[in-house]
Trainee: 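Mind having a look at this structure? Questions to follow.
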Number of protein chains: 2
Amino acid sequence: MKPGSCHTECQQVLHLAERLCEGRGARLTPQRRQVLEILCASPKPLGAYDILDLLKQGVPAAKPPTVYRALEFLLQQGLVHRIESLNAYVGCIHPDHPHASQFLICRDCGEVRELESRSVERTLGSALRACGFKADSRVVEVTGRCLRCSEQGTP
Amino acid sequence: MKPGSCHTECQQVLHLAERLCEGRGARLTPQRRQVLEILCASPKPLGAYDILDLLKQGVPAAKPPTVYRALEFLLQQGLVHRIESLNAYVGCIHPDHPHASQFLICRDCGEVRELESRSVERTLGSALRACGFKADSRVVEVTGRCLRCSEQGTP
DNA sequence: AAGTGTTATGTTATCACATAACATAAGTAA
DNA sequence: TTACTTATGTTATGTGATAACATAACACTT
């Protein structure tokens, strides 16, 4: 899978996104769709201004608010995630079921992977219950080296 | 404990910080100490420019790099933490033993509390081992309502 | 089809967070 | 003292995000 060329997966995610939005009465407009497309086509998280540069190819008049508005919508719909420790955004790989996102961020290859560990989710959930904290959103982001990178190369 | 008046705790943390730095051969210079003091005196996380404003009372010539350099040092020494989802900083309440920080952020009162759950730490650790990811740093940040705020007030 | 409220987009400016790059000063050790 | 390292001063700029207000597109009622 070469970067930027995962057309099969992208198309699937986009179709799913369309169906989900339609079912919810949410409007996946061309701009929003293009931003989602950009994120899905990227193997790595993109900053808002990276997205802006790419979006300008299709929407020359795009400006920062254009991107941030699209991102706001896509985040609400659970179609993309924000990586807090990178100030960057990734397309969600399985937007059909809502999930507390957990990310593994490789400092070498830059790839970001969703962990989606039910046990982490459960443990954190019970720790929160135990201290009476009502969670709105949970951020779990681990930075380090992925398996592939630690098998190759130097420490 | 009124905000900004926890002098007893602050003094303790500052003395501990001095001892720790001395033991490590690290220089807790007046500026660095003042930044730590500012963070310890605040019940809520502070942004770098909030710190800057407060620091200027003691160091009128302070500028952004002044603050960021002090923060870099204090982060390295484990004396402060950075809250990724707020782009803000808090003083560490127990800098003597290194720990994977877990934060509870109340969206109502703004207070940030360290959770420090060993079970969350363990569960996350084994999930990471299971997929071969070598973690450098772990970010666990939960936003929601603290017990106090959810007992009071509206939903 | 015309009118009306709502949602989306265009546009300008600015705020907020962070660091690069280079100069000077203060500590440290020979 | 000299030479070296570490810390600080200073200017400018890079990067991420939003406020505020104007216009356009849509969707629903009559």
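Quick note on labels: first sequence line is chain A, next is B, and so on, each numbered from 1.
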Trainee: Not counting sequence neighbours, list each pair that qualifies as a ring pair (Phe, Tyr, Trp, His ring centres under 6.0 Å) and has a residue in residues 49-74 of chain A.
Mentor: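 Sorted pair list comes back empty.
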Trainee: Would you tabulate the nitrogen or oxygen pairs shorter than 3.5 Å linking the protein to nucleotides 21-24 of chain C?
Mentor:
| from | atom 1 | to | atom 2 | distance (Å) |
| --- | --- | --- | --- | --- |
| C:dA21 | N6 | B:R69 | NH2 | 3.3 |

Trainee: Which pairs pass salt bridge (Lys or Arg N to Asp or Glu O under 4.0 Å) with one or both residues in residues 89-103 of chain B, sequence neighbours excluded?
Mentor: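 Passing the test, one end in residues 89-103 of chain B: no pairs.
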Trainee: Separation of B:L55 atom CG from D:dG9 atom P, in whole Å?
Mentor: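 Answer to the nearest Å: 9 Å.
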Trainee: Compare side-chain N and O positions of B:Y68 against OP1 and OP2 of C:dT19 and report whether any pair is under 4.0 Å apart.
Mentor: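 No, because none of the side-chain N or O atoms of B:Y68 sits under 4.0 Å from OP1 or OP2 of C:dT19.
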Trainee: Report the distance from atom CG of B:D50 to atom P of C:dC15, rounded to the nearest whole Å.
Mentor: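 To the nearest whole Å, that distance equals 16 Å.
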Trainee: Specify the residue among A:V59 and A:Y49 whose closest nucleotide of DNA chain C lies further upstream toward the 5′ end.
Mentor: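 Closest to the 5' end, via its nearest nucleotide, is A:V59.
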Trainee: Among residues 20-32 of chain A, which ones have heavy-atom contacts with DNA chain C below 4.0 Å?
Mentor: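 A:R27, A:T29, A:Q31, A:R32 - these, ordered by number, are the residues of the stretch whose heavy atoms sit under 4.0 Å from the strand.
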Trainee: Roughly how many Å is it from CG in A:L71 to P in D:dA17, rounded to a whole number?
Mentor: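 To the nearest whole Å, that distance equals 9 Å.
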Trainee: Which of residues 76-90 of chain B sit near DNA chain C, with a heavy atom under 4.0 Å from it?
Mentor: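 Heavy-atom contacts with DNA chain C come from B:R82, B:N87, B:Y89.
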Trainee: Is it true that B:E151 and B:R148 make a salt bridge, defined as a side-chain N closer than 4.0 Å to a carboxylate O?
Mentor: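 Result for this pair is no, no salt bridge flagged.
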Trainee: Which residue pairs satisfy the salt bridge (Lys or Arg N to Asp or Glu O under 4.0 Å) criterion with at least one member in residues 67-81 of chain A, sequence neighbours excluded?
Mentor: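 Pairs touching residues 67-81 of chain A that pass the test: none.
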Trainee: Name all pairs fulfilling the side chain to side chain donor-acceptor pair (under 3.5 Å) condition that reach into residues 124-136 of chain B, sequence neighbours left out, sorted by first residue then second.
Mentor: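 Matches after skipping sequence neighbours: A:R107-B:D136.
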Trainee: Give a yes or no on whether the backbone of A:D108 and the side-chain of A:R145 come within a donor-acceptor separation of less than 3.5 Å.
Mentor: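 No, the answer is negative, given that no donor and acceptor are paired below the 3.5 Å cut-off.
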Trainee: Sorted by first residue and then second, give each salt bridge (Lys or Arg N to Asp or Glu O under 4.0 Å) pair with at least one member in residues 78-89 of chain B; sequence neighbours left out.
Mentor: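 Those involving residues 78-89 of chain B are B:R82-B:E84.
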Trainee: Atom CG of A:L52 to atom C1' of D:dG14: distance rounded to whole Å?
Mentor: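 My rounded result for the distance is 15 Å.
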Trainee: Can you tell me which residue pairs pass the salt bridge (Lys or Arg N to Asp or Glu O under 4.0 Å) test with a partner in residues 42-62 of chain B, sequence neighbours excluded?
Mentor: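 Every candidate salt bridge (Lys or Arg N to Asp or Glu O under 4.0 Å) pair involving residues 42-62 of chain B fails, so no pair, neighbours aside, qualifies.
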Trainee: With DNA chain D as reference, determine whether B:P64 or A:A48 sits nearer its 5' end, using the nearest nucleotide of each.
Mentor: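 The residue mapped nearer the 5' terminus is B:P64.
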Trainee: Under the side-chain contact (heavy atoms from CB on, under 4.5 Å) test, which residues partner A:T123, sequence neighbours left out?
Mentor: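 With neighbours one apart ignored, the set is B:S119, B:V120, B:T123.
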Trainee: Just how far, in rounded Å, is P of D:dA17 from CG of A:L46?
Mentor: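 Taking CG of A:L46 and P of D:dA17, I get 13 Å after rounding.
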Trainee: Give the rounded distance in Å between these two atoms: CG of B:L75 and C1' of C:dC17.
Mentor: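 Those two atoms, CG and C1', are 14 Å apart.
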Trainee: Any idea which of C:dT11, D:dT11, C:dT19 is nearest the B:K63 side chain?
Mentor: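 Among C:dT11, D:dT11, C:dT19, the one nearest the side chain of B:K63 is D:dT11.
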Trainee: Sort and list the pairs that fulfil ring pair (Phe, Tyr, Trp, His ring centres under 6.0 Å) and have at least one residue in residues 101-129 of chain B, not counting sequence neighbours.
Mentor: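 Applying ring pair (Phe, Tyr, Trp, His ring centres under 6.0 Å) to every pair that reaches into residues 101-129 of chain B, excluding sequence neighbours, yields B:H81-B:F103.
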Trainee: Separation of A:K56 atom NZ from C:dT11 atom P, in whole Å?
Mentor: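 Interatomic distance, NZ of A:K56 to P of C:dT11: 12 Å.
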Trainee: Excluding sequence neighbours, so at least two apart, what forms ring pair (Phe, Tyr, Trp, His ring centres under 6.0 Å) with B:H97?
Mentor: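 If we apply the ring pair (Phe, Tyr, Trp, His ring centres under 6.0 Å) test to B:H97, skipping adjacent residues, the hits are B:H94, B:H99.
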